Every structure is written in C-alpha cells, then in structure tokens.
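The basis for the numbers below is simple: all heavy atoms, side chains too, and nothing from hydrogens, waters or symmetry mates. Counting starts at 1 for both ligands and their atoms, in listed order. Keep in mind the model is a prediction, meaning the values are calculated, not measured.
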Amino acid sequence: MICLSCTGKTIEENLEYIERYRKYLGIVEIRADFLRPSELDRLPEFPGKAGLPVILTYRKLEDGGSSSGSGASSDGGASSDSGASIDSGASIDGGASSDSGAAVEFSEIRRSDILMHGLCGGYRYIDIEDDADEEYALPLIAEAEKTGTAVIRSFHDFSGVPDCLFDRMIAASDGGRFIPKAAVMPKSTADLISIIKTSRKLTDSVEGKAAAEQGFILLGMGVYGFPTRVLAKALGSMLTFCSPSGAQAAPGHVSPDQLAEVYGYSGISRGSRVYGILGHPVMHSQSPLIHNGGYRSLGIDAVYLPFETTEPELFIRNAELLNLGGLSVTIPHKQRVIPLADRVDESVRTIGACNTLVNCGRDEGWKAYNTDWIGFLAPLAGLPLSGKEALVIGAGGAARAVVYALTKSGMKVTVINRTAEKAERLAADFLCSGGGLSAAERPDKPWLVVQTTSVGMSPDTAGDPLPGFDFSGTEVVYDLIYTPEKTTFLMQAEAAGCRIINGHHMLTAQAAEQFLLFTGCKASF
Ligand code: ATR
C-alpha cells in the first residue's frame, strides 16, 4: 500500500492532499504534530472525511517530528518515518493557547491526550513510539484495543542502521500483538543490504513470521534507503510512506504519483526482477524513468531503481538476495566494475569502460557490456561516416566510447583535449591522431565534431569547450550533453548553419540497447 503522510497544518489541507493523490493511496497517515492547536479538536473527524484507513501519529522531534509542534511553523521536515516535539501548548479540550506558533516543550501527557482524543474517531491504526513512557502508552494501547484500532510500535534511527534491527522489531511486536515499524538511515550499501536481510528474516523465519503476524513496516531513509521504499511490498512491508510533492515529510520520500507512475509500485512483488543503475551520485539519473516505462509498456514484471553506491561489488555479491537481473553503471564505477564480470564483451575491453552488467544466471555469471558507443551512433545512423574526418573534443571515458564507435565506422578521427597527453594516449590506443585543443593535427573543416567533455553542462551553461572555433556551417556538430538541451557550443554551431545533435538520443538509444540485453525485448524510448 502507498501511504500518504499528511503533514498539513489543518484538517482541510490534509484532505486536499488526499484528494490530489487519492487514486494512488491505500492508506493515509495524519501527523498530528503538524496540526495547528485549534485543529487538534477535529482529529476524530478525520478518518470519516478521509474515506481511507488512517494511521494516527504524533511524533516527537528526535523521531523526526515537527519541530514547531502544532503548526507553529510548518512545512518542514517531519517524518512519518519518524516524530514531534514541541507544540504550542494548545489544549485539546478547547483551551488552545494560540495558533500563532508559540512553541512549548513536548510532553508525553500532552501527546497522550491528543492521541486519546483522536482515537474516538475510529482510526484504523495508531502509531505509538516504542520508547513512549509506559504510564501513557499503556492506557492508549488499552483504549486502542478496545476500539479495534491496531497498534503500530515504531522506532527511528537517523544516525544509521542498528545492528540489533531484527531483535528490535521482534521486541516492538510483543509477540505479534503490535505492528513493528522501523525507519532507519542507511549510510552505505552494506546498510541497505542489512535492512533487506532483516526484512527477509521477518518474512521467512519462524520467529519473524510470528512477530509480523499483523504486518510490519521497515524502511530505509535517504538516498541509500530509497530502494526499500520502492521495494517495500516485495520486501514484506505492509506499506511505504510518501509525501505530497513539495512537502517531503522524511528523507527519501517521493510523491505517490512518482511511486505509482514511474516505478509501478502496485505491480512490484517479491518475484519481480530488479534492475538498477549503480552510481555516485545517482538520484538525478533519468534511467529509472526510461527503463520502468519500458517494462510497463511491454508488461514485464520488473522494476528499475537508482542504487546510490560506493561499493558496486556488494550488488554483485548480493544479486540473489536482490533478485538482480542486470545493472546499468555510471560515474564513477565504469572501470571498477569490469573485474567483477565473469565475461567481458570486446567493446568493454577496448573502450576500457562498462556501462551494462547482465546477470546471465548461476552457471554463466555476469557479463559486462558497453552500450554507450551503440547509443552514440544511433543519431548518426544512415549518414555516410566512412572515410570522413571527425574531431573529438575531450579524452575521458565518454570520448573513448565515441572514438571506438567512430573508428569502427571507418572515420578518420582526431582527438583534442585540454590535457594534450591524455588525447595522445587515447589516440595511440585507437590508432588515430591526437593532441592539445589547438593541436596542429586538428582538421580545418571536419565533417563531424563531437563534444564529449562536461563543459557547458548545467548549471555552468556558459562554458565553451573550444573557444573561438570557426564553424564553417557544413559540420555535423554533436554534443553529448543533454542538459541543457542546447549547449552554448551547439548554439554557436547552429548559428553558423551546422546540423546539431544533443546527447538525448544517445541516452535513450544506449538505454534501449541495455533494455534488450536485460530483457531480450526491444523497446522504443
Ligand atoms: P567522462 O567519463 O564523462 O568522459 P572523464 O573521464 O572525467 O569523464 O573526462 C572528462 C573530460 O572532460 C576530459 O577530457 C577533461 O579534460 P582533461 O583531461 O584535461 O581533464 C574534460 N574536461 C573536464 N572539464 C573541463 C574543462 N573545464 N575544460 C576543458 N576540458 C574539460
């Protein structure tokens, strides 16, 4: 289930959030720690008006709650994966001090009063933090059990993933009486793996099953935890939390429409094949959008995730646990992953970089490919490349894939680069010429100019990789950058009358090639 964490200051604001996303939601959570004091009296109305099962939650600050308490400030970051603290001292029985935001200290008694009052509204669940003072927690639990409200016992760790995660979940469940919930902050791939192993232990072990009799919620926060949010159902969690767009309630929350439309949340199960992109940083990647769209349009039971990592090896080692079918690889891991493969495609060996790892099964292991060079050639398809002159700017990893593709296509290639020695080395590897940016070998009127450096990429869009280059207007000018759509370099080329190509087509074409390697199916992106 997708659960929308409602952190509005008023009941109406929260109902608007629900309406905006209703078609995606199975459940909602109201964060009472965000409500204005004057709204707290209205908590019992909320479940009826929401028209969905509701979790009643009041978080204290240490657990990610609203620092402003009952609506004093607002939109910031409380977390449903986390809790509230200071509120403005409003009395729920009418004595609200003010809505002006004068904060008062958090108190257990106040929280307990607010939750107790809310319970008479017929909430499906109540979240009571597992470290809540027993004096207040026990009467709440008794009342909840009397009114048929299931109790979630939650804990939050913003500092990492505790070693005792499984034991803590078991303890929080109290023998299956409560729904244990944890939101923890993985800071590495090892931490992510540890959360996934704990989830598996909860779904597969005798002890875990007994504890999770009513369900459990186990989620990782932040960029390393993101996969657990998308895979929540596959990992056995009864729900995943989302925030309204622009009002993120916890680190790593996405909006319900993103989860549903981009990742296809409702279709993901334990059997779904998992793919993803390894990189650091990687959350900006457009690949999830491209690949997930392909799976859904072809009805393939798979999901593609951004995997933030500095330890790509751990993904290969835990392929079975993650049900991994293949991985895209981006900066800075394109070289590092090559030795991890059991077999290496010729293009990877020659280019010296791998952007695609395919899991060919237990017997055959992993095979490394490079689809960048194929993607690069896609927009040039049909053009008479053979025998023509090409000028390549840059001598990094991307340039190597480009030079591989161009020499394979029979072009006469010259590589120029800010650091001349790198261009010379690259040129030597591919038996072409190379040098500094104004090298003597530079052709006067190349048929094709390819820009492979990051110069001109957002946000530094003013950058010019080859200042003063005199376009004759006959060149085809290809910049691998796709943000912005038209770099300064491409604008200059276009103004001179050149045909221009940006990196977008290459991006989608290399992805289509990966898609074919991953799934055996052709997709048009
Ligand atoms: P990639 O894998 O994207 O090619 P890379 O291997 O780090 O990344 O290569 C970056 C390329 O962009 C190099 O050719 C680099 O030039 P140097 O070899 O002189 O470093 C080039 N580049 C990056 N920033 C540049 C800048 N500000 N001006 C000119 N060239 C630049």
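- Within a 4.0 Å radius of atom 7 (O) of ligand 1, the protein has no heavy atom.
- Of all the listed residues (Val402, Thr419, Leu426), Thr419 holds the heavy atom that lies closest to atom 17 (P) of ligand 1.
- Residue-ligand proximity, Ala395 to ligand 1, at heavy-atom distances under 4.0 Å covers atoms 14 (O).
- The closest protein non-hydrogen atom to atom 9 (O) of ligand 1 is Gly396 CA, 3.3 Å.
- What sits closest to atom 3 (O) of ligand 1 on the protein, heavy atoms only, is Ala398 CB, 4.0 Å.
- Contact annotation for Asn417 and ligand 1: only side-chain heavy atoms (C-beta onward) come within less than 4.0 Å of the ligand.
- The pair Glu475-Arg499 fails the salt-bridge criterion, with no side-chain N (NZ, NE, NH1 or NH2) lying under 4.0 Å from an Asp/Glu carboxylate O.
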query: Between Asn355 and Asp372, is a side chain to side chain donor-acceptor pair (under 3.5 Å) present by the stated rule, with each step listed?
result: CA-CA 7 Å; Asn355 79 327; Asp372 284 334; 3.0 Å; yes

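- Residue contacts with ligand 1 for Thr453 involve both N, CA, C or O and side-chain atoms from C-beta outward (heavy atoms, distance under 4.0 Å).
- Atom 20 (O) of ligand 1 has Arg418 NH2, 2.9 Å as its closest protein atom, hydrogens excluded (heavy atom only).
- A donor-acceptor contact under 3.5 angstrom links the side chains of Thr487 and Asp479, judged on distance only.
- One side chain, Ser328 or Gln514, offers a donor N or O that lies under 3.5 Å from an acceptor on the other.
- Heavy-atom contacts of Gly394 reach the following atoms of ligand 1: 14 (O) (cutoff under 4.0 Å).
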